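Notes follow once the structure below has been shown.
These figures come from a predicted structure and were not determined experimentally.
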Amino acid sequence: MSDSVDFHFDPMCPFAYQTALWIRDVREQVGITVNWRFFSLEEINRADGKKHPWEREWSYGWSLMRIGALLRRTDMALLDRWYGRIGYELHAAGNKPHDPAVARRLLEELDVDGETLDAALADPTTHDEVRADHQRVLDAGGYGVPTLFLSGQCLFGPVLVDPPTGPDSLKLWTVVTGMAGLPHVYELQRPKARADVELIGRRLRPYLHGRDWVSIDRGEVIEVENLADRG
């Protein structure tokens, strides 16, 4: 069983947030190391002719990840706390961590100087770090989040609502690590009945309230279109 996992996320993705809650529970129980990495839904779903997220002064998930990149240079635990805080703000509370003023306040709530936001945006190498993490997923054939790298394998998922905890959390970890140990098993998917779709819709309500972008759910891949690109 793997003792570490690289977890690629976009803070805007509600499914990645739920999976992150699960992986933290696994970490608490068995002591695995979680290395937080980035992936940009804004970039992967960018329409032809529209700006790349790194070409905008502020770009929702991309800019939040640039802040995270600067925090990660100091301590992975800071990025862990940052993702947990902004994720809760959007996906549980239905608020707007992608608003720069809110992002600055959330940093200060973590006892991090709010000027870290300005430093991250002023440093072009934070673009480079987010782009490198994003490219790693693409190079492995990935296309969305959550994406995990463990035991030398790249896996999309697991896609969760109401993430398991306790013994059930470890059951899922056994499934995921078992699949990673079988490199020619490519897909395992549960079909969704109407009740499942309704449950997912209820769980996404805070996210739908807080977002300032267009989301398209194709399977479990949340595609994001920056509203600044519309028109």
Does a side-chain N-to-carboxylate-O contact under 4.0 Å join Asp118 and Arg104? yes

Under 3.5 Å: donor-acceptor pair, side chain of Arg81, backbone of Leu110: yes

Salt bridge (Lys or Arg N to Asp or Glu O under 4.0 Å) between Arg46 and Glu42, intermediate numbers included: CA-CA 6 Å; Arg46 182 184 61 88; Glu42 293 164 298; over 6 Å; no

Please step through salt bridge (Lys or Arg N to Asp or Glu O under 4.0 Å) for the pair Glu89 and Arg105, ending with a clear verdict. CA-CA 11 Å; Glu89 191 77 2; Arg105 172 177 61 80; 3.2 Å; yes

Can you find a pair of side-chain heavy atoms, one from Tyr60 and one from Met12, that are under 4.5 Å apart? yes

Check whether Trp213 and Ile86 end up in the same hydrophobic cluster, where Ile, Leu, Val, Met, Phe, Trp and Tyr are linked by side-chain heavy atoms less than 4.5 Å apart. yes

Quick check for you: to the nearest 0.5 Å, what is the distance between Leu107 atom CG and Leu117 atom CG? 6.5 Å

Please evaluate residues Glu43 and Arg131 with respect to the criterion side-chain contact (heavy atoms from CB on, under 4.5 Å), reporting the C-alpha separation (whole Å), side-chain torsions for both, the decisive distance (0.1 Å), and the verdict. CA-CA 9 Å; Glu43 174 61 16; Arg131 192 182 294 116; over 6 Å; no

Decide salt bridge (Lys or Arg N to Asp or Glu O under 4.0 Å) for Asp139 and Arg136; before the verdict, give the C-alpha distance in whole Å, the side-chain angles of both, and the deciding distance to 0.1 Å. CA-CA 5 Å; Asp139 290 345; Arg136 181 195 188 199; over 6 Å; no

Glu55 atom CD: more than 12 heavy-atom contacts under 6.0 Å: yes

Is the shortest side-chain heavy-atom distance between Ser151 and Thr177 below 4.5 Å? no

Just wondering, do Arg205 and His209 contact through their side chains at under 4.5 Å, heavy atoms? no

Crowded around Glu108 CD? As in, over 12 foreign heavy atoms under 6.0 Å? yes

Describe, in one word, how the ring planes of Trp54 and His52 are oriented to each other, choosing from parallel (under 30°), tilted (30 to 60°) and perpendicular (over 60°). parallel

Between Asp123 and Arg73, does any NZ, NE, NH1 or NH2 come within less than 4.0 Å of an OD or OE carboxylate oxygen? yes

Between atom CG of Leu188 and atom CG of Leu155, what is the distance when rounded to the nearest 0.5 Å? 11.0 Å

Close side-chain approach of Ile23 to Ile32, heavy-atom, < 4.5 Å: yes

Can you see whether Asp25 engages Ser169 through a side-chain donor-acceptor pair at a distance of less than 3.5 angstrom? yes

Find out whether the Lys NZ or Arg CZ of Arg72 is both under 6.0 angstrom from the six-membered ring centre of Trp36 and within 45° of the ring's axis. no

Tightest non-hydrogen contact, residues Val30 and Leu170, listed as CG1-CD2, 3.7 Å

What verdict does the side-chain contact (heavy atoms from CB on, under 4.5 Å) test give for Asn35 and Phe7, after you've listed the backbone C-alpha separation in whole Å, the side-chain angles of each residue and the deciding distance to 0.1 Å? CA-CA 6 Å; Asn35 301 307; Phe7 189 115; over 6 Å; no

Is any side-chain heavy atom of Val112 closer than 4.5 Å to one of Trp82? no

Are any of the side-chain heavy atoms of Tyr88 and Tyr17 separated by less than 4.5 Å? yes

Taking C-beta and beyond as the side chain, do Lys96 and Leu90 meet within less than 4.5 Å on heavy atoms? no

Mind running side-chain contact (heavy atoms from CB on, under 4.5 Å) on Val137 and Phe149 for me, showing each step along the way? CA-CA 9 Å; Val137 175; Phe149 285 81; 4.1 Å; yes

Sidechain-backbone polar pair: Ser59 side chain, Arg56 backbone, donor-acceptor under 3.5 Å: no

Looking only at heavy atoms, which two atoms of Ala119 and Leu70 are closest? And how far apart? CB-CD2, 3.8 Å

Got Thr33 and Val5 here, is their nearest side-chain heavy-atom distance under 4.5 Å? no

Look at the side chain of Arg24 and the backbone N and O of Asp80, then say whether any donor-acceptor pair between them is shorter than 3.5 Å. yes

Is there a side-chain hydrogen bond (donor to acceptor under 3.5 Å, both in side chains) between Trp58 and His98 once you walk through the steps? CA-CA 9 Å; Trp58 178 268; His98 49 280; over 6 Å; no

Value for OH (Tyr83) from CE (Met65), rounded to nearest 0.5 Å, stands at 10.0 Å

Please report the shortest heavy-atom distance between Ile44 and Tyr143, naming the atom on each side. CG1-O, 3.9 Å

Taking the side chain from Lys192 and the backbone from Val197, do they hold a donor-acceptor pair closer than 3.5 Å? no

Donor-acceptor under 3.5 Å (Arg37 side chain, Asp6 main chain): no

Pairwise distance OG1(Thr74) to CG(Leu79) - rounded to 0.5 angstrom: 11.0 Å

Is it true that, when you exclude Leu182 itself, more than 12 heavy atoms of the residues, nucleotides or ligands shown sit nearer than 6.0 Å to its CG? yes

Nearest 0.5 Å, what's the CZ-CG distance between Arg202 and Leu208? 13.5 Å

Is there a donor-acceptor contact under 3.5 Å from the side chain of His91 to the main chain of Pro11? yes

Are the aromatic rings of Phe9 and Phe39 close, with centres under 6.0 Å apart? no

Mind listing the closest non-hydrogen atom pair of Ser40 and Pro53 along with its distance? OG-CG, 4.0 Å

What pair of heavy atoms forms the shortest contact from Pro158 to Thr19, and how long is it? O-OG1, 2.6 Å

Show your reasoning for whether side-chain contact (heavy atoms from CB on, under 4.5 Å) applies to Glu129 and Thr126. CA-CA 5 Å; Glu129 289 188 32; Thr126 58; 5.6 Å; no

Distance in Å, Arg27 CZ paired with Asp3 CG, rounded so as to fall on 0.5 Å steps: 14.0 Å

What pair of heavy atoms forms the shortest contact from His8 to Asp133, and how long is it? CE1-O, 3.3 Å

If we ignore hydrogens and angles and just use 3.5 Å, is the side chain of Gln29 paired with the main-chain N or O of Gly166 as donor and acceptor? yes

